[in-house]
Structure formats: C-alpha cells, structure tokens
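Take a look at the structure below.
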Amino acid sequence: MSDKEDTKPAAEASAPQPATAPSAAPAPAPAAAAPAREGNRFGGPGGGRGPGGRRGPGRGPRRNDRQPLEGMGDLSDKVVHINRCSKVVKGGRRFSFSALVVVGDKKGKVGIGFGKANEVADAVKKATENARKNLEPIALKEGTIPHEVFGTFDGGKVLLKPASQGTGIIAGSAVRAVVELAGVKDVLSKSLGSDNPYNVVKATLDALHQLRTRETIFQLRGKRVHVKKVEAKPEAPAEAAAV
C-alpha cells in the first residue's frame, strides 16, 4: 500500500464533523386564562386608589346642608368649613379631610361638631354626630337676642346686638350658620378678630352662652318679676257718642 493511500483515511478522520441540530423541545401547554375579577383588589367596584395604595383627592358626593337629618327630628345641619390635609409618603401623597358642622333645631338649641376622616362624607358624618351630642339651649327673645353680648375664643372675637323685627341676620357665613340654626331671625353682628372659621364659630357660640333673659336674671338675684297689668279703658256711653 502506498503512502497516499495511508494518509487519506487519517485526513478524513481528523476533519471536524458537522454538528447535529438539537431536537426541538415540545412547546409548553397554554396556561388557563385567569378568571376575570370584579372590582379592584380592595373589594370595591372600580379603582378606588391610585399607585402605591394611596387614595385620590376625591371630595365625595354633594349634599344638601339644609335638609333635616335622618332620625333626628326637626334638627338641621350646615357644613361651615372643610379642610384638606396632605401627607407626603414614599408612594406619593395621602389626603385626609376635616369638617366643621353646626346642628340646630331653630328653636333655641344649637351645637357644633368637628370630625376627621380620609373621605369628605365620613368626616361630615362624624362632625354631625358630634354636634348632635353637644346641643345646648340658647336664650332668645321674640326672634332676636335679649341684649348685646361679646364672645371670644382664642383669636376670634364676635359682637352680637339685638335688632328690630324685619332686620334679618346681618352676619358673615360662619356667624350666620350658628345664629340661624339657633333660631335667631333678626340680629346685628361684627367679627373683630381672626377670620379662622373654627375660632369664629366657637366665639359666636360663646357669645350665645352668655345670653340671659329678664326672668332668669331676676331669679338669680332672688327677686320676683313684676308684671304690669294694663287696665281696660271704660267704654264711652252710647248717648255721649251719639251727641
């Protein structure tokens, strides 16, 4: 055998063999579709929260402040002020609300309440329940106040004066809410201090607490109230009238 014949099989043996293509792996079975979820992950319908689980700046539904409260008889309520507070957290901002509400029966009883919550409706509800528990009687006289009075609370200063029938309520929004729900129909007022609605409302309530009727003052002094009797004038005789 020649040298050429011996080297040919060795060259063929040293030649690289072509790589075989790997066998295709079987395709995974399609996963079952997840059932549709109703509402958000908090159980309520729709998205009630933003990214990071924070609540949005929604103020809740509108409400009529002059409608009688349910289960409270003839009591009416009025929202004086709603304050929004924001807290910065890692995921964004979180909002909370505080409400100041006045409740009264317009017959001599009035009270104020304060409530805080993450929603406006809840804050108003808490404030209304608190005001209902703090109803206090107010001394009135024929649709107005018995005498001039000056009330203070912190920086708030309110002056109230009695007014004649038909004058109406001459007052700002905060003072008007208190005196109107207390049952006052004619009054003159002036705010001489802070314009903070919380201080003005409490100063107005302080002024109403100082009211005293004439009968109450006489009782405190241990004196009797003398009632003047008006004597009827005698009628003129018919003969004199004819002449």
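Predicted model only: the values in this text are computed from it and were never measured. The figures here come from the full heavy-atom set of this structure, side chains too, leaving out hydrogens, waters and symmetry mates.
Pairs engaging residues 128-171 under the ring-ring contact (aromatic ring centres under 6.0 Å, His included) rule: none recorded [sequence neighbours left out]. For residues 158-174, the set of pairs meeting the side chain to side chain donor-acceptor pair (under 3.5 Å) definition, not counting sequence neighbours, comprises Ser164-Thr167. Pairs engaging residues 205-216 under the side chain to side chain donor-acceptor pair (under 3.5 Å) rule: Glu136-His209, Asp206-Gln210, Thr213-Thr216 [sequence neighbours left out]. Sorted by first then second residue, the ring-ring contact (aromatic ring centres under 6.0 Å, His included) pairs that include residues 112-138, not counting sequence neighbours, are Phe114-Tyr198.
Rounding to the nearest 0.5 angstrom, the gap separating the CG atom in Asn196 from the NZ atom in Lys202 is 9.5 Å. Here the straight-line distance linking atom OG of Ser96 with atom CZ of Arg84 works out to 10.0 Å at 0.5 Å rounding. Distance check, rounded to the nearest 0.5 Å: NZ of Lys78 to OG of Ser76 gives 11.0 Å. Expressed to the nearest 0.5 Å, how far CD1 of Ile145 lies from CG of Leu208 amounts to 7.5 Å.
Contacts of Asn199 classified as side-chain hydrogen bond (donor to acceptor under 3.5 Å, both in side chains), with partners at least two apart in sequence or in another chain: none. Considering only residues two or more places apart in sequence or on other chains, Asp122 meets the side chain to side chain contact (heavy atoms under 4.5 Å, CB included) condition with Ala117, Glu119.
Under a 3.5 Å cut-off, the side chain of Asp186 and the backbone N or O of Ala163 do not form any donor-acceptor pair. Listed for the Ser189 side chain is a donor-acceptor partner under 3.5 Å among the backbone atoms of Ile170.
Taking the side chain as every heavy atom from C-beta outward, Ile138 and Leu211 approach each other to under 4.5 Å. Residues Thr128 and Val103 have side chains in contact (heavy-atom distance under 4.5 Å, counting atoms from C-beta outward). Within the 4.5 Å cutoff, side-chain heavy atoms of Lys87 are placed close to those of Val89.
What you find for Leu135 and Gly111 is that their closest heavy atoms are CD2-N, 3.6 Å.
One hydrophobic cluster holds both Ile169 and Leu181 under the rule that ILVMFWY side chains link at heavy-atom gaps under 4.5 Å. Each of Leu188 and Val184 belongs to its own hydrophobic cluster when Ile, Leu, Val, Met, Phe, Trp and Tyr are linked at side-chain heavy-atom distances under 4.5 angstrom. Cluster annotation: Leu159 and Leu205 are assigned to distinct hydrophobic clusters (Ile/Leu/Val/Met/Phe/Trp/Tyr, side-chain heavy-atom contacts under 4.5 Å, transitive).
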Let's go through Glu148 and Leu160 carefully: what are the C-alpha distance in whole Å and the side-chain angles of both, what is the deciding distance for side chain to side chain contact (heavy atoms under 4.5 Å, CB included) to 0.1 Å, and is it a yes or a no? CA-CA 6 Å; Glu148 181 179 331; Leu160 300 179; over 6 Å; no
